[in-house]
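Below you'll find the structure, written out as structure tokens, and then a few comments.
Counting convention: from 1, in listed order, for ligands and their atoms alike.
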Amino acid sequence: MLARAQSERPNILYIMSDDHASHAISAYGSKINETPQIDRLAKEGMRFDNCFVTNSICTPSRGAILTGQYSHKNGVYTLSDSMDVKKVHLAHHMRDAGYQTAMIGKWHLATDPQGFDYWNILPGQGAYYDPVFITTEGRKQHKGYCTDIIADFTLDFLRKRDKTKPFFVMCHHKAPHRAWQPAPKYKEWLKDETVPEPDNLYEDLTKRSQAAQRATLRVGDDNNLNDLKQPKPEGMAGRELRKWAYQLYIKDYLRCVRSVDDNVGRLLDYLDQEGLTQNTVVVYTSDQGFFLGDHGWFDKRFMYEETIRMPFLMRYPKRIKKGSVNRDMVLNIDFAPTFLELAGRKAPPEMQGRSFAPMLSGKTPKDWRKTMYYRYWMHLGGGHTVTAHYGVRSRTHKLIYYYGQALGKKGAVDKPTPPEWEMFDLVKDPREMKNVYGDPAYAKVTAELKKEMERLRAYYQDTE
Ligand code: CA
């Protein structure tokens, strides 16, 4: 009986890229590219339209995904924090549940991965070309392009796996992270095309918060030689520079995405060939979103829509109706509880996220969250001078509080900045162009959101 129940548990293939915004995926309506392989998961599975990251930056998002906890609980607040090797997380629980566990690609949590039967990871950010990988055997350089190699290693693992157990595989691409270095075969792709610009590429930031004006995320001005692969033309500035730099940056970004898409296709083809598709949960996501020239920016960190929104596509033919869409608010801390439920396990009480497995069959629990809490800790740190902040997003509004300093010993210790608030009406202003904080017409909803933010801070025990 037990053996049968166990054999019916799905395999889980979790594919995550780095900095791949949903508005660069055609299943999410991208106006700038096509992702036919990733789209297979949307066509054959479920697209989640409101999946959010709780701290929009690489290392903390990975920490939250593994632990099911916010940064202040798992200790991974910033890019310089590491995963405590004693921390018991998703991989340990999946292994205890009888799964063979593997972690392949970008790990970015400093310490060696724990809880995985097999791991083969990039050191830190890793390299795009001829990258070094680390296993329990040590470091080894491999010829080729990083995105292809990570898929190769994933396929190797799947071929050699222990077939008496279900598998839980995390395949983490480095791409399309900065500095957006494409595969040699795609270097010329898009060369003679003009990629459409976002409607707010030339936004006048002087009308925004001090926090927005302080941030050094500006396409053109804040891009360096590694980003652009050529020097900025002498005398070029302002709008002209942005226009020029946007094309260079976005084309390389999309070239990197194209390799990710190809390699998602290779993994899906393998599952088809091996007859594994029916009983395998496949996820495609990214550690956070990204500004694709939106507000004139690249990078992430801010609690704005483009960067907190994670693409999240899930295929599981046994449970999910083809081509379905879910609009409930799900968070990266929910992934671990969801996978554990699919594996027949209850999430441990220390996990703060909640399983959204019921939504796979279209059943949203009545008491599902209607607001989410966000916090970015790296006050002015990490090279982009983004101000530390926290906030709350409801289905219709967003309130952000820039509290103005690094609290405790967390975050880069830098000079305090004056506290300020932002508030956006997501229904009337989905692009978040107009701060309505202080507008009397929004006094009531502002007060409600402040109360809700404090409730969430207490609920998640973020009291610092
Ligand atoms: Ca990232």
Side-chain angles (χ1 to χ4, degrees), residues 14-25 28 38 51-67 70-71 74 76-83 103-110 113 121-128 131 146-147 150 170-181 215-217 219 222-223 226-227 249-250 252-257 259-261 263-264 283-294 297-313 331-333 335 374-378 381-384 386 411:
Y14 176 85
I15 309 170
M16 182 163 81
S17 54
D18 192 332
D19 293 0
H20 189 186
S22 44
H23 51 316
I25 293 176
Y28 280 95
I38 294 169
C51 178
F52 299 115
V53 69
T54 47
N55 179 359
S56 183
I57 187 87
C58 307
T59 303
S61 178
R62 285 151 212 273
I65 288 164
L66 286 171
T67 62
Y70 274 88
S71 303
N74 64 34
V76 187
Y77 298 78
T78 73
L79 286 178
S80 18
D81 293 315
S82 54
M83 177 68 90
M103 164 66 225
I104 296 151
K106 184 173 168 182
W107 169 248
H108 208 199
L109 284 159
I121 58 165
L122 292 166
Q125 293 281 3
Y128 273 108
C146 193
T147 308
I150 289 169
M170 302 187 94
C171 167
H172 290 190
H173 287 293
K174 163 191 175 54
H177 193 277
R178 198 184 186 189
W180 318 298
Q181 293 171 308
T216 45
L217 312 171
V219 174
D222 298 319
N223 284 125
N226 285 335
D227 296 344
Y249 134 67
I250 204 72
D252 276 343
Y253 179 91
L254 295 178
R255 289 165 182 144
C256 290
V257 167
S259 285
V260 171
D261 191 61
N263 280 293
V264 167
V283 167
Y284 181 81
T285 186
S286 165
D287 59 347
Q288 14 56 217
F290 210 68
F291 294 116
L292 303 177
D294 313 283
W297 287 335
F298 63 96
D299 210 73
K300 53 254 180 180
R301 301 157 197 265
F302 273 104
M303 196 192 164
Y304 296 142
E305 290 294 276
E306 295 83 358
T307 53
I308 63 166
R309 192 175 292 285
M310 304 167 85
F312 194 93
L313 301 167
L331 306 178
N332 62 344
I333 55 169
F335 299 179
Y374 177 86
R375 183 158 187 180
Y376 174 77
W377 290 80
M378 291 176 64
H384 290 293
V386 175

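By the side-chain hydrogen bond (donor to acceptor under 3.5 Å, both in side chains) test, Ser82 is found to be paired with no residue, residues two or more places apart in sequence or in another chain being considered. Residues satisfying the salt bridge (Lys or Arg N to Asp or Glu O under 4.0 Å) criterion with Lys300, sequence neighbours excluded, are Asp19. A search for side-chain hydrogen bond (donor to acceptor under 3.5 Å, both in side chains) contacts involving Tyr284 returns Ser17, His20, not counting sequence neighbours.
Protein atoms of type N/O/S that fall under 3.0 Å from the Ca ion (ligand 1) number 6 in this view.
With rounding to the nearest 0.5 Å, the separation of CD1 in Ile65 from CE in Met16 is 4.0 Å.
Using cut-offs of 30° and 60° on the angle between ring planes, the pair Tyr77 and Trp377 is perpendicular.
Under a 3.5 Å cut-off, the side chain of Tyr28 and the backbone N or O of Ala21 do not form any donor-acceptor pair.
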